[in-house]
Amino acid sequence: PSSPVVEVSPWGRRFAAWVIDSILLGIVPTALLFFRMLGAMSDAGLLDPNRPPPSTLEMQEQINQIYSGMAGEITLIGFVFAIIGYLYYVLMHGTVGKTLGKMAVGIKVIKADGTPCDMAAAAKRGVVHPLGSGVPMVGFAVLMLNGLWPLWDEKHQSLGDKVGGTYVVRKQPTVMPVAELQQPPAAPSV
């Protein structure tokens with residue numbers, strides 16, 4: 001039996017899926033941080049309309065103090081949501097082979113042998129995400145490198161794909177097996 005023919009996903013589709021997933025995963029932590037920062041600014045009196053406006057330098061110093069005081073909270077929220085993101089990617093890839101973003105753009109994750117992605121491959125593949133989101137500064141570079149890697153990789157795999165032994169492919173391949181393309185011409189009718 002011949003192996004299934006698949007088409008590796010174009011990078012643009014992968015990027016679009018990542019944007020969708022990032023928005024979905026980022027809504028809650030962004031809202032938490034925004035409202036927490038707003039509360040801290042209100043507590044410091046920065047939002048009081050009866051207060052005389054501070055100079056730009058004073059305002060910047062007060063915001064820096066608020067931010068420094070919240071560093072632990074920001075780190076904790078980042079860590080918790082890095083773990084939630086990891087679980088999201090592992091569960092989605094390990095059960096249905098695609099995240100909500102991948103569903104929206106018509107791509108999925110398969111193992112190198114062409115079989116559906118399982119939990120073990122998804123767990124290995126997903127290791128890059130908590131590292132990227134949970135480690136300040138270095139994490140951003142890891143996420144960027146992982147996301148851009150398929151652009152120059154000859155197999156179009158990200159670093160996560162390489163660790164997990166997976167590929168991202170189009171859900172509905174548009175290519176045909178070579179055997180179907182080489183059908184003999186029909187005999188002329190008399």
Please work out whether the ring planes of H93 and Y89 are parallel, tilted or perpendicular, with thresholds of 30° and 60°. tilted
Here the gap from K124 atom NZ to C117 atom SG, rounded to the nearest 0.5 Å, amounts to 10.5 Å
So CG of L148 and CG of L143: to nearest 0.5 Å the spacing works out to 10.5 Å
Tightest non-hydrogen contact, residues L100 and M92, listed as N-CE, 4.0 Å
Quick one: closest heavy-atom pair of I20 and G101, and the distance? CG2-CA, 3.7 Å
Rounded to the nearest 0.5 Å, the CD atom of E7 sits from the CD1 atom of I107 at a distance of 11.5 Å
Looking only at non-hydrogen atoms, find the nearest pair between W11 and P150 and report the distance. CD1-CB, 4.1 Å
Of the options L76, L25, L32, which is the one that meets F81 in a side-chain contact (heavy atoms from CB on, under 4.5 Å)? L32
Residue pair I66 / A40: nearest heavy atoms and the distance that separates them: CG2-CB, 3.4 Å
Membership question, hydrophobic clusters at under 4.5 Å side-chain separation (ILVMFWY): are W152 and V8 in the same one? no
Can you tell me if N146 uses its side chain to pair, donor with acceptor, with the backbone of S158 under 3.5 Å? no
Should M103 and Y88 be counted in the same cluster of Ile, Leu, Val, Met, Phe, Trp and Tyr side chains packed under 4.5 Å apart? yes
Interatomic distance, CE@M41 vs CG@D48, rounded to 0.5 Å, equals 12.5 Å
Measuring from atom CD1 of I63 to atom CD of E58, what distance do you get when rounded to the nearest 0.5 angstrom? 12.0 Å
Checking Y167 side chain against S9 main chain: does a donor-acceptor pair fall under 3.5 Å? no
R13 side chain vs V105 backbone, donor-acceptor pair below 3.5 Å: yes
Closest approach of K111 and A121, non-hydrogen atoms and distance? CD-CB, 3.9 Å
Show your working on side chain to side chain contact (heavy atoms under 4.5 Å, CB included) between L47 and L38 and close with a plain yes or no. CA-CA 9 Å; L47 303 178; L38 206 56; 3.9 Å; yes
Establish whether M70 and V28 are linked, either directly or via other cluster members, by ILVMFWY side-chain heavy-atom contacts under 4.5 Å. yes
Would you check, one step at a time, whether the test side chain to side chain contact (heavy atoms under 4.5 Å, CB included) holds for T56 with M59? CA-CA 5 Å; T56 305; M59 175 73 89; 5.7 Å; no
Any chain of hydrophobic side-chain contacts (each under 4.5 Å) joining I84 to F34? yes
Once you round to the nearest 0.5 Å, how far does CG of D21 lie from NZ of K102? 6.0 Å
Presence of salt bridge, D153 and K162, under 4.0 angstrom: yes
For a side chain to side chain contact (heavy atoms under 4.5 Å, CB included) check, start with the C-alpha distance between K108 and V169, then their side-chain angles and the critical distance, and finish with the verdict. CA-CA 6 Å; K108 65 181 180 177; V169 298; 3.9 Å; yes
Could you walk me through whether W149 and Q157 satisfy the side chain to side chain contact (heavy atoms under 4.5 Å, CB included) test, starting with their C-alpha distance in whole Å, then the side-chain angles of each, then the deciding distance to 0.1 Å, before giving a yes or no? CA-CA 7 Å; W149 201 270; Q157 290 178 296; 5.7 Å; no
Min side-chain heavy-atom separation I74-M37 under 4.5 Å: no
Search all heavy atoms of G160 against all heavy atoms of T166 and return the closest pair with its distance. O-OG1, 4.4 Å
Mark yes or no for whether T30, through its side chain, and G26, through its backbone, hold a donor-acceptor pair below 3.5 Å. yes
When hydrophobic residues are tied together by side-chain contacts of less than 4.5 Å, even through go-betweens, does V163 share a cluster with L151? no
